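None of the values given here were measured: they were computed from a predicted structure.
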Amino acid sequence: MRLLCASCVCALLFTALLRQVSGLETVVGQYGETLEIPCNNGAIKAEDVLITKWKYDKGEGLPGDLLVRQKNQNISISATDEYKGRVSMAANSSLLLSAAKLTDQRTFTCMVVGGADITEYPVNVVIYKTPAGLEISDKVEELEIGRLTKLGTCIAEDANPAANITWLKNNIPLVADGKGISIQTSVVVDPATGLSTTSSILEYTAEREDTDAEFTCRTHHTMGGQIMSTSETFTITYSTENIVLHVIAQDPLIEGDNVTLKCVADGNPAPTSFNFHLKGELVKVENTDTYTITNVSRDTTGEYKCSLIDNPTLEASEDITVNYLDINLSPSGKIVKRAGETLDLNLLIDASGESKVSWTKDDVKLDKLPEFTKLTYSHSGRYVCKVMMGLLSREASFELVVEGAPVIRQLSKQHGEKGQYKVLICEAEGSPKPVVSWSINGTSLDESPFINGKITHKITVVPTANLTVSCTVTNDFGIDTRTINVSSLFGEVRMDKQDQPEDSDQTKLVVGVVVGLLIATVIIGLAYWLYMKKSKQGSWKTGEKENGSSEEEKKLEEKVEENSQKAEV
């Protein structure tokens with residue numbers, strides 16, 4: 001029986017060699033991790049498997065045994081070399097290989113004995129390792145525009161397969177063009193581990209736009225995932241090509257202010273020494289780019305320049321304008337004039353630009369320039385002239401006082417309420433303010449405000465007889481008086497049953513006198529005519545001369561003239 005079984009095993013092994021699987025399955029493992037290498041992938045049912053054995057290709061066609069498991073028996077490990085202590089078998093007959101190394105990249109074979117068949121399943125093992133990290137080393141301190149300079153070296157250490165490195169600027173890949181961009185890559189293999197370290201050197205020609213640009217490097221690994229280095233920025237140096245002069249001052253710039261000149265150059269690093277050209281005067285400054293002019297005046301106005309000390313031909317200029325506004329109003333202060341006189345105003349404006357003039361009188365805006373060809377009391381007041389030039393303004397003022405002797409413009413009377421009293425009104429002009437007095441005493445004295453040289457004074461009277469009342473106004477320059485007839489209030493009450501207006505009192509009296517005198521004149525004139533006619537007839541008859549009665553004619557004429565004068569009164 002034992003001989004029979006041995007012959008059976010030999011037959012089975014021979015048959016297995018005939019049925020060896022020609023295709024190889026590939027399993028990828030991560031460096032340093034446990035790798036599971038599958039066996040038969042379920043092609044043979046587990047209950048049909050009698051023996052499972054793992055072996056590996058040692059090279060040069062020599063196999064190396066790892067372990068074997070017979071049905072219903074424990075695993076027997078036969079590995080004696082580098083795999084000792086690293087191999088085991090899973091329940092599904094897969095080979096478990098711990099701490100995977102690059103030397104594990106070989107063919108492992110699973111031999112399965114099931115029934116009368118012996119089948120081998122070779123599996124090719126590949127071990128990958130992602131780089132330990134990416135970093136840019138050997139970095140340059142600064143890049144000069146127009147010059148090909150080594151920017152740095154990007155290193156991807158301990159990878160398998162070797163890492164492929166890409167350089168980026170602002171996340172855009174850089175491609176070597178043999179001119180402004182040069183990329184040199186090298187790979188070094190560690191003889192102990194077999195892992196590769198990739199180094200990529202970037203040489204770059206910077207441009208002005210590369211200021212603040214971010215440079216990075218990255219790699220994509222076969223096992224997936226992207227590794228990116230930290231970004232790096234570099235100082236870009238370039239010579240100055242343009243300069244600009246800035247004028248720093250408040251707006252508007254006026255006399256007494258300070259103004260700062262700032263020279264800005266586009267070089268990097270920026271220049272720190274400059275020439276300032278101050279209207280013919282050259283001032284050099286070190287370790288600064290500014291120069292301050294204090295307490296400017298209108299004479300400061302002009303062109304200013306700045307230039308580089310090491311390149312005076314490179315310069316910039318700006319004009320400075322110091323705004324000023326001077327006004328002179330003549331006359332000014334307090335001006336006292338007499339009514340009817342003239343006043344000439346003279347406003348002189350000295351300004352750095354176009355100005356606008358406005359006037360106010362007693363805080364009320366005037367539509368035009370005040371003119372005083374003939375002064376009146378209404379011209380009195382405080383006049384303010386405001387001159388504006390942009391945001392700059394100046395003011396000048398004068399106070400005009402128009403004086404004169406008082407004059408009564410109107411003296412009138414009015415009926416009081418229900419005719420119980422009379423109101424006398426005296427309206428006058430003059431300056432200083434006139435003092436008003438009456439020839440009679442009254443009550444309810446009322447005086448209006450003194451405005452524009454005008455004043456109105458009222459009194460209330462109850463006349464018991466016909467009166468002639470006078471109003472007198474006085475000030476330092478003179479006096480004026482006017483009278484008005486005021487009839488008795490009680491006489492009017494008797495006559496006013498028909499509600500006659502009070503103003504008809506005096507009118508009736510005058511009209512009656514005039515009518516009476518006219519009638520008397522007519523009667524005397526008629527009598528005189530009849531007498532003359534009769535006298536002429538007698539003279540014709542008797543032959544007397546006409547002038548015989550001349551003395552009587554003269555007496556009559558004087559009488560007529562006397563009556564006529566009374567009628568006119």
Side-chain angles (χ1 to χ4, degrees), residues 140-149 151 169-170 172 179-181 204-215 232-326 349-356 387-394:
V140 69
E141 291 185 0
E142 59 186 33
L143 295 173
E144 183 179 349
I145 287 182
R147 181 181 178 183
L148 189 65
T149 305
L151 184 144
K169 183 184 77 171
N170 295 331
I172 299 176
K179 297 178 181 179
I181 301 175
Y204 185 76
T205 302
E207 300 177 353
R208 191 182 296 268
E209 293 77 13
D210 291 327
T211 302
D212 299 328
E214 294 184 348
F215 291 85
E232 301 287 348
T233 57
F234 300 90
T235 299
I236 310 298
T237 62
Y238 44 88
S239 58
T240 299
E241 296 180 357
N242 300 285
I243 62 175
V244 177
L245 178 61
H246 294 292
V247 177
I248 304 172
Q250 70 174 18
D251 185 24
L253 176 64
I254 61 176
E255 291 182 309
D257 289 346
N258 297 337
V259 60
T260 298
L261 304 177
K262 182 179 179 66
C263 201
V264 179
D266 63 357
N268 193 30
T272 58
S273 301
F274 295 91
N275 292 324
F276 284 95
H277 305 262
L278 312 175
K279 297 183 67 176
E281 179 185 359
L282 179 63
V283 177
K284 294 184 178 181
V285 297
E286 301 285 344
N287 300 321
T288 183
D289 58 359
T290 62
Y291 181 81
T292 299
I293 306 173
T294 60
N295 194 25
V296 298
S297 66
R298 63 192 67 185
D299 296 332
T300 308
T301 298
E303 183 184 35
Y304 292 79
K305 298 180 180 180
C306 73
S307 63
L308 297 180
I309 290 181
D310 56 356
N311 185 10
T313 60
L314 195 59
E315 66 178 16
S317 65
E318 280 292 334
D319 290 329
I320 294 179
T321 300
V322 179
N323 295 278
Y324 59 90
L325 177 59
D326 297 332
I349 302 176
D350 185 14
S352 57
E354 184 178 353
S355 60
K356 295 182 178 180
V387 182
M388 297 189 64
M389 185 188 70
L391 299 177
L392 202 60
S393 65
R394 296 286 185 270

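The closest donor-acceptor contact from the side chain of Asp266 to the backbone of Asn242 lies under 3.5 Å. Judged purely by atom type and a 3.5 angstrom limit, Asn323 uses its side chain to pair as donor or acceptor with the backbone of Leu253. Although no hydrogens or angles enter the test, the distance criterion places a donor-acceptor pair under 3.5 Å between the side chain of Thr301 and the main chain of Val322. No donor-acceptor distance shorter than 3.5 angstrom exists from the side chain of Asn275 to the backbone of Lys284, with no hydrogens or angles considered. Panel note: side chain Asp326, backbone Asp350; no donor-acceptor pair is recorded below 3.5 Å. Without hydrogens or angle criteria, Glu232 side chain to Phe215 main chain gives no donor-acceptor distance under 3.5 Å. No donor-acceptor pair under 3.5 Å is formed between the side chain of Asp289 and the backbone N or O of Val264.
Smallest separation of non-hydrogen atoms from Ala265 and Pro271: CB-CD, 3.5 Å. The two residues Met389 and Ala351 come nearest to each other via the heavy atoms SD-CB, 3.9 Å. For the pair Glu315 and Lys305, the tightest heavy-atom approach, listed with the atom from each and the gap, is OE2-NZ, 3.7 Å. Across all non-hydrogen atoms, the minimal contact from Gln250 to Asp257 is NE2-OD2, 2.5 Å. Of all heavy-atom pairs between Ile243 and Cys263, the closest is CD1-SG, 4.2 Å. The two atoms that bring Glu303 and Ser317 nearest to each other are OE2-OG, 3.5 Å, heavy atoms only.
Going from atom SG of Cys306 over to atom CD1 of Ile309 covers 11.0 Å, rounded to the nearest 0.5 Å. The CD atom of Glu144 lies 8.5 Å from the OG atom of Ser239; values are rounded to the nearest 0.5 Å. We find the CG-OG1 distance between Leu151 and Thr205 to be 10.5 Å, quoted to the nearest 0.5 Å. A distance of 8.5 Å separates NZ in Lys262 from CZ in Phe274, rounded to the nearest 0.5 Å. Rounded to the nearest 0.5 Å, atoms CG (Leu261) and NE2 (His246) are 11.5 Å apart. With rounding to the nearest 0.5 Å, the separation of CZ in Arg298 from CG in Leu325 is 9.5 Å.
Using a 4.5 Å cut-off on side-chain heavy atoms (C-beta onward), Leu392 and Tyr324 make no contact. The closest side-chain heavy-atom distance from Asp210 to Leu143 is not below 4.5 Å. Within the 4.5 Å cutoff, the side chain of Thr290 has no heavy atoms near those of the Ile248 side chain. Side chains of Asp212 and Thr233 form no contact here, defined as non-hydrogen atoms less than 4.5 Å apart. The shortest side-chain heavy-atom distance between Pro269 and Thr237 falls under the 4.5 Å cut-off. A 4.5 Å side-chain heavy-atom check between Tyr304 and Lys279 finds at least one atom pair inside the cut-off. Counting heavy atoms from C-beta outward, Ile145 and Arg208 have side chains that approach closer than 4.5 Å. Between Val140 and Tyr204, the closest side-chain pair of non-hydrogen atoms is not below 4.5 Å.
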- Verify side chain to side chain contact (heavy atoms under 4.5 Å, CB included) between Asn311 and Thr240, making sure each step is shown before the conclusion. CA-CA 10 Å; Asn311 185 10; Thr240 299; over 6 Å; no

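Side chain to side chain, Glu286 and Ser273 meet the donor-acceptor criterion of an N or O pair below 3.5 Å.
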